[in-house]
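One-based numbering along the sequence shown.
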Amino acid sequence: MTWVLASILLPLAGAAVVAGMKKNDRLATLTALVVSILTFLLVIPMWASYAPSGDRIQQKSSMDWIPNFGIHISFGIDGIALVMIAVIGLLVPIVVGALGLTDKLPAGRSAGGFLSLILVQEALTIAVFAATDVFLFYVLFEIMLIPMYFLIGGYGGANRQYAAVKFFLYSFLGGLIMLASAIGAYSLASDELGKGTFDWETLVTVVRDAPLGTQIWLFIGFFLAFAIKAPLVPFHTWLPDAAGQAPIGVAVLLVGVLDKVGTFGFLRYCLPMFPDASKELAPWVLVLAVAGVLYGSILAAGQRDMKRFIAYVSIAHFGFIALGIFTFNEQAMVGSVSYMLNHSLATGMLIVVVGLIVMRGGSTRISDYGGMAKVTPLLGGMLLIAGLSTLSLPGTNSFISEFLVLLGSFVDYPVYTIIATVGMVLAAAYVLWLYQRVMQGPVRGDALIGAGGGPGTAIAPELGATKAIKDLGGKEIAILAPMVVLIIALGFYPKPVLDTITPSVQATMSSVQGGK
């Protein structure tokens, strides 16, 4: 059994155990936390045994599933998949540990049910990144929607049902379109080899030689599925609703991890399998990418809800990632892949901190807060760190990613790069605006500072009544500490990540350049 397969099976087994603990929330939480930590620890030997200079796909495992149609249950990783599996492994223990600190479960709902869905989501997401059979990838791409649908629809806000259905239908429709293209690729392999196959490595060598017209049609099927998942403008409308209604822990996984399946799909499927179509349609994709940067940044300014604000800022970042991918420049592409990791860390921390704020103030509306750093200075510091990472301040993890994307994309597409830079500057201003409104200035809503003017009690503005507001406790600091350490460490020393992903990016570039 490979480390990859173990990291899929362990949370699945843990989910089955936790699901049976409906009457003991404390035991269910502890069990889920142990399982998620053990899953994260599996990343250590997985990373240690990965050789960046070795084969493109490593740690392979495969077994027949539907042999008559060349379908296998096959897993393996490259450097891009490895870093995404690592960030999943990190975020899930944080989500589990934060339960009760950032979210309160609806009345009548058990922690066992919620956490079992979280663990299933973790297993399926790891499996999606590791799948090396295209049909298996499609199946997992669709199945992973199910736990997220129930997490949003069963545990979210007042409009959770609408948000859950919209999320599911958008992604499910995209998956069906991708299936049609996957069947087309299978048919090409059948004509070329005498038998059909869904093996990714085989399809890369076969489909890449197809006529340009055929490639374009097949490319569009995969691209639409991934553009919805990422999401790129104009396929983005499900994200603000889903992120706004999802519980905080679910929003961390949704915005921090699941959306990366879309950008990962561009790199794993669209570019290597359809190199000529990718180059032919790249200018149109770049228009969507830059439009997303501007649109997300501008719409973020009009948001009054903190969770929707983060969703729109993320839409701008996804456009930036797509810009780096479809400029076909190695530096820009390395920057985009590292941005996938660093966005997960920065946004994941930002959402968790927002959850801690909401639990204290009882509202997600930005206007209901002000001067909170006077009462909770540590929490204010955590929001500042997450915000600075989100706006890619030098010395934080996101800076090197943004710098590489700008450096690489400017070579061939200076106009697109300049426009995207303007959008990112706007987004940075809005992040600082969020911090200033929530943490600085006078305390809003007739809030009362505790006796002596120091940290103590304040009024929950929307309630109009005195409520104890405490600064971060030991458990909350322990939850945020790993993300703070990584944000700073990767800001000053990103070499381990860049060394891991660069060979995989070079292999992808080689596939694209080897097209007709």
Side-chain angles (χ1 to χ4, degrees), residues 84 88 91-92 95 103 105-106 109 113-114 116-125 127-129 137-179 222-265 292 295-296 299-300 303 305-319 343-344 347-348 351 354-355 364:
M84 293 314 304
I88 298 167
L91 290 179
V92 172
V95 168
D103 289 303
L105 297 177
R109 299 280 185 172
F114 178 83
S116 63
L117 289 171
I118 292 289
L119 292 176
V120 170
Q121 189 70 66
E122 178 181 26
L124 293 175
T125 308
V128 163
F129 285 116
F137 175 83
Y138 160 74
V139 171
L140 293 169
F141 185 89
E142 299 286 43
I143 291 179
M144 70 184 296
L145 303 177
I146 297 174
M148 184 57 66
Y149 169 81
F150 285 110
L151 285 167
I152 298 173
Y155 300 89
N159 295 320
R160 59 185 180 272
Q161 291 297 334
Y162 169 79
V165 170
K166 189 174 182 180
F167 157 77
F168 185 90
L169 290 180
Y170 267 61
S171 295
F172 184 73
L173 176 61
L176 290 178
I177 298 172
M178 179 175 66
L179 176 61
F222 279 89
F223 175 81
L224 287 175
F226 300 139
I228 292 171
K229 180 67 75 176
L232 292 183
V233 171
F235 311 105
H236 67 285
T237 60
W238 63 268
L239 180 60
D241 291 321
Q245 294 300 315
I248 289 296
V250 177
V252 169
L253 298 182
L254 178 66
V255 181
V257 179
L258 264 69
D259 291 352
K260 305 305 188 302
V261 173
T263 50
F264 173 81
Y295 179 87
L299 264 290
Q303 300 307 307
D305 182 279
M306 285 186 278
K307 291 164 72 176
R308 290 179 66 89
F309 171 87
I310 295 171
Y312 278 106
V313 171
S314 293
I315 288 170
H317 287 156
F318 285 121
H343 176 268
S344 296
T347 304
I351 295 173
V354 165
T364 61

Nearest heavy-atom contact between L254 and A243 is CD2-N, 3.9 Å
Drop me the distance from I88's CD1 to T125's OG1, to the nearest 0.5 angstrom.
-> 5.5 Å
Flag the pair H236 / F318 as yes when their ring centroid distance falls below 6.0 Å, and as no otherwise.
-> no
Shortest non-hydrogen contact from M144 to V128?
-> SD-CG2, 3.6 Å
F264-F129 aromatic ring centre distance below 6.0 Å = yes
If you measure from CG on L117 to CG on L151, what distance do you get to the nearest 0.5 Å?
-> 4.5 Å
When rounded to the nearest 0.5 angstrom, what distance separates CD1 in I143 from CD in Q121?
-> 11.5 Å
For the residue pair F222 and F226, does the interplanar ring angle fall in the parallel (under 30°), tilted (30 to 60°) or perpendicular (over 60°) class?
-> tilted
Run the numbers on K260 and K229 for side-chain contact (heavy atoms from CB on, under 4.5 Å), then give the verdict.
-> CA-CA 8 Å; K260 305 305 188 302; K229 180 67 75 176; over 6 Å; no
Quick one: pull up CG in L91 and CG in L253 and give me the separation to the nearest 0.5 Å.
-> 6.5 Å
CZ of F141 to CG of L124: how many Å apart, nearest 0.5 Å?
-> 13.0 Å
I228 CD1 to D259 CG distance, which is reported to the nearest 0.5 Å | 12.5 Å
Could you tell me which non-hydrogen atom of I152 sits nearest to which non-hydrogen atom of A246, and how far apart they are?
-> CG1-CB, 4.1 Å
Can you name the nearest heavy-atom pair linking P231 to L239, along with the distance?
-> CD-CD2, 3.7 Å
For P106 and G154 the tightest heavy-atom approach is CG-O, 3.9 Å
Can you list the steps and then say if I118 with F114 is a side-chain contact (heavy atoms from CB on, under 4.5 Å)?
-> CA-CA 6 Å; I118 292 289; F114 178 83; 4.0 Å; yes
Looking only at heavy atoms, the pair that brings L145 and S171 closest together is CD2-CB, 3.4 Å
Give the C-alpha distance, both sets of side-chain angles, the deciding distance and a yes or no for side-chain contact (heavy atoms from CB on, under 4.5 Å) between V250 and M148.
-> CA-CA 8 Å; V250 177; M148 184 57 66; 3.2 Å; yes
Stepwise side-chain contact (heavy atoms from CB on, under 4.5 Å) check, E142 with L176 | CA-CA 9 Å; E142 299 286 43; L176 290 178; 4.2 Å; yes
